[in-house]
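First up is the structure itself, then whatever we jot down about it.
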Amino acid sequence: QVGKREITDLTGTLLKHPSGSLIVLKDLSAGAHGGKVTGRAEFRLTDPLEYGLSLTVAGADLDALFNAGVTDPKKRADVKGALDGTLQLKGTVGKSATRQAVGVLRISRGKLYKLPILLGFLHVMYLSVPGDSAFTDGFISYHLRDDVLMFREIHLTGSALSIVGSGSMDMKTEKLRLNFLTGPPGKMPRLDQIADEFLTGLAREIVEIRVTGTLSKPQTRTVSLRGFDEAIRRLLSPPPPEP
């Protein structure tokens, strides 16, 4: 188990030189909540311990992953779908300033009111996003340095709404600073495809939404969209969390 999440049928190769401090676990493969985890891990036996992980997750069931160990029906997360992605994490135990992570996640066949984020070896958190209807497909790209989690791109689409956004979160205080553009289902492009000319044709249907507050108590407000150029700049260069 990793926390409350189960790893099954774990296989791999362990390497360590007799006089060295580095332990390498390569060719890792394991089952994880209906899906599969593969990758590599390294640990340096220093004081404190240094670690590095490089993992790929394929076909994990979001319901099982999120609700692992949750026995109270009232505390179960209402989330369904399949999770695929890659993530890398390194750092030193007990020193958050050394912590770095990069992740790309894709969700399909989903029912999402909150967006899952995989920060480490099956360490899951989830983020509230705008909209009252469920999203069926999602993409998220992020990186973590020290205690600042930067969302490079958040792209979601569902039967009633599609959104694209970016932003940041302070991992210590859980303060959020996110910007989104929302539009008709299937109409909002990915960030690498976004352009002023494209959005102009949807001007009457696009709304800009900002999310502040904290992870547990997000505050969402709609703001006036004064110009696409400025809105696009905010998405492409998201600011760090507020102190």
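Here, residue 1 is the first one in the sequence, and each next residue gets the next number.
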Please check this pair: side chain of [X] against backbone of [Y], looking for a donor-acceptor N/O pair closer than 3.5 Å.
X: Arg5; Y: Leu65; value: yes
X: His155; Y: Met188; value: yes
X: Lys16; Y: Gly20; value: yes
X: His33; Y: Glu6; value: yes
X: Asp170; Y: Thr173; value: yes
X: Ser162; Y: Pro184; value: yes
X: Thr157; Y: Gly186; value: yes

With sequence neighbours left out, what residues match Glu174 under side chain to side chain donor-acceptor pair (under 3.5 Å)?
none
Heavy-atom check, side chain of [X] versus side chain of [Y], under 4.5 Å:
X: Leu181; Y: Val207; value: no
X: Leu236; Y: Leu191; value: yes
X: Thr220; Y: Ile209; value: yes
X: Met169; Y: Leu215; value: yes
X: Ser166; Y: Ile154; value: no
X: Asp146; Y: Ser96; value: yes
X: Val148; Y: Met171; value: no
X: Val24; Y: Phe43; value: no

Residues passing the ring pair (Phe, Tyr, Trp, His ring centres under 6.0 Å) test with Phe66, sequence neighbours excluded, are Tyr126
Non-hydrogen atoms of [X] and [Y] that approach each other most closely:
X: Leu62; Y: Pro116; value: CD2-CG, 3.9 Å
X: Leu161; Y: Pro130; value: CD2-O, 4.3 Å
X: Leu10; Y: Ala30; value: CD1-CB, 3.7 Å
X: Ser168; Y: Pro241; value: OG-N, 3.0 Å
X: Pro185; Y: Gly158; value: CB-O, 3.1 Å

Linked, directly or transitively: [X] and [Y] (ILVMFWY side chains, under 4.5 Å):
X: Phe139; Y: Leu115; answer: no
X: Met150; Y: Ile140; answer: no
X: Leu89; Y: Val93; answer: yes
X: Val104; Y: Ile107; answer: no
X: Leu28; Y: Leu14; answer: yes

Counting only pairs under 3.5 Å, give me each side-chain donor-acceptor contact of residues 46-57, with atom names and distances, residues two or more places apart or in other chains.
| unit_1 | atom_1 | unit_2 | atom_2 | d |
| --- | --- | --- | --- | --- |
| Thr46 | OG1 | Arg44 | O | 3.4 |
| Thr46 | OG1 | Pro48 | O | 2.6 |

Could you state the interatomic distance from [atom1] ([X]) to [atom2] ([Y]), rounded to the nearest 0.5 Å?
X: Thr212; Y: Lys217; atom1: OG1; atom2: NZ; result: 13.5 Å
X: Ile7; Y: Ser29; atom1: CD1; atom2: OG; result: 10.5 Å
X: Arg152; Y: Ser237; atom1: CZ; atom2: OG; result: 12.5 Å
X: Leu176; Y: Leu127; atom1: CG; atom2: CG; result: 6.0 Å
X: Lys80; Y: Arg109; atom1: NZ; atom2: CZ; result: 13.5 Å

Take atom CZ in Arg190; do more than 12 heavy atoms of anything else shown fall under 6.0 Å from it?
yes
Show the numbers, then the answer: is there a side-chain contact (heavy atoms from CB on, under 4.5 Å) between Leu45 and Ile23?
CA-CA 8 Å; Leu45 302 178; Ile23 295 177; 3.8 Å; yes
Name all pairs fulfilling the side-chain hydrogen bond (donor to acceptor under 3.5 Å, both in side chains) condition that reach into residues 83-93, sequence neighbours left out, sorted by first residue then second.
none
Could you tell me which residues satisfy side-chain contact (heavy atoms from CB on, under 4.5 Å) with Ala160, sequence neighbours excluded, listed by chain and number?
Ser133
Suppose we screen for side-chain contact (heavy atoms from CB on, under 4.5 Å). Which residues come up paired with Arg210, at least two apart in sequence or across chains?
Asn179, Glu208, Arg221, Val223, Arg234
Can a donor-acceptor pair be found between the side chains of Thr214 and Lys175 at a distance below 3.5 Å?
no
Do Phe180 and Leu235 pass the side-chain contact (heavy atoms from CB on, under 4.5 Å) test, and can you show the C-alpha distance, the side-chain angles, and the key distance before you say yes or no?
CA-CA 8 Å; Phe180 294 95; Leu235 295 185; 5.9 Å; no
Audit row: Val129, Leu156, side-chain contact (heavy atoms from CB on, under 4.5 Å) steps and yes/no:
CA-CA 9 Å; Val129 292; Leu156 300 170; 3.8 Å; yes
Test side-chain contact (heavy atoms from CB on, under 4.5 Å) on Leu15 and Lys26; report intermediate values, then the result.
CA-CA 8 Å; Leu15 303 173; Lys26 69 175 187 176; 3.9 Å; yes
Any salt bridge between Arg76 and Asp63, counting N to O under 4.0 Å?
yes
Looking at Asp147 and Arg99, is any side-chain nitrogen of the basic one under 4.0 Å from a carboxylate oxygen of the acidic one?
yes
